[in-house]
Amino acid sequence: MFENQIAEIYNGSFVKTGEAPVDFQPYEKTWAFEDGVEISLTHRVFCAPSPAILPDGYLGIGSQLYKIMRILPWDDFRELWLYACERSTP
């Protein structure tokens, strides 16, 4: 894993709960929901497991805030799919 960024970890209430080195990568995936709503996932990160990273949480990378949309557990790391929020980091 190539850790090229430090991510600030926020819970669902936008309270900072920690930081983690992450491998931050561009990623393209579209998710479709009911009623024809679609969102574009633009990035993903690979990181070590952390109890601070929760499914309802957010990551701040630079001034950009990302919603964690999916956490995929692998052997000794996690893959997180991210949606870029319109608001910046708190």
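As a basis for the values below, the full set of heavy atoms in this structure was taken, side chains included, without hydrogen atoms, waters or symmetry mates. Heads up: numbering here begins at 1 and tracks the sequence.
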(request) Examine Y66 together with Y58 and report whether their ring centres are nearer than 6.0 Å. (result)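 No, the ring centres sit 6.0 Å or more apart.
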
Indicate the atoms forming the closest heavy-atom contact of [X] with [Y], along with that distance.
{"X": "D76", "Y": "P49", "result": "O-CD, 3.6 Å"}
{"X": "C85", "Y": "K67", "result": "SG-N, 3.7 Å"}
{"X": "A52", "Y": "I9", "result": "O-CG2, 3.3 Å"}

Spacing of [X] atom [atom1] and [Y] atom [atom2] [to the nearest 0.5 Å]:
{"X": "H43", "Y": "Q64", "atom1": "NE2", "atom2": "CD", "value": "8.5 Å"}
{"X": "D23", "Y": "L80", "atom1": "CG", "atom2": "CG", "value": "11.5 Å"}
{"X": "L54", "Y": "T17", "atom1": "CG", "atom2": "OG1", "value": "7.0 Å"}
{"X": "R70", "Y": "L82", "atom1": "CZ", "atom2": "CG", "value": "13.5 Å"}
{"X": "Q5", "Y": "C47", "atom1": "CD", "atom2": "SG", "value": "13.0 Å"}
{"X": "L41", "Y": "M69", "atom1": "CG", "atom2": "CE", "value": "6.0 Å"}

(request) Compute both the distance and the angle, then confirm whether R44 meets the cation-pi test with F24: under 6.0 Å from the six-membered ring centre, within 45 degrees of the axis. (result)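 No, R44 and F24 do not form such a contact.
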
Side chain proximity check, [X] to [Y], heavy atoms < 4.5 angstrom:
{"X": "I68", "Y": "D56", "value": "no"}
{"X": "I53", "Y": "I71", "value": "yes"}
{"X": "T42", "Y": "E28", "value": "no"}

(request) For the residue pair F77 and W74, categorise the inter-ring angle as parallel (less than 30°), tilted (30 to 60°) or perpendicular (more than 60°). (result) parallel

(request) Mark yes or no for whether S13, through its side chain, and V15, through its backbone, hold a donor-acceptor pair below 3.5 Å. (result)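 Between the backbone of V15 and the side chain of S13 there is no qualifying donor-acceptor contact (under 3.5 Å).
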
(request) Determine, step by step, whether L65 and L59 satisfy the side-chain contact (heavy atoms from CB on, under 4.5 Å) criterion, reporting the C-alpha distance in whole Å, the side-chain angles of both residues, the deciding distance to 0.1 Å, and the verdict. (result) CA-CA 6 Å; L65 187 67; L59 293 184; over 6 Å; no

(message) Membership question, hydrophobic clusters at under 4.5 Å side-chain separation (ILVMFWY): are W31 and Y27 in the same one?
(response) yes

(request) Check the pair E38, F33 against side-chain contact (heavy atoms from CB on, under 4.5 Å), reporting the backbone distance first and the verdict last. (result) CA-CA 6 Å; E38 291 185 351; F33 295 93; over 6 Å; no

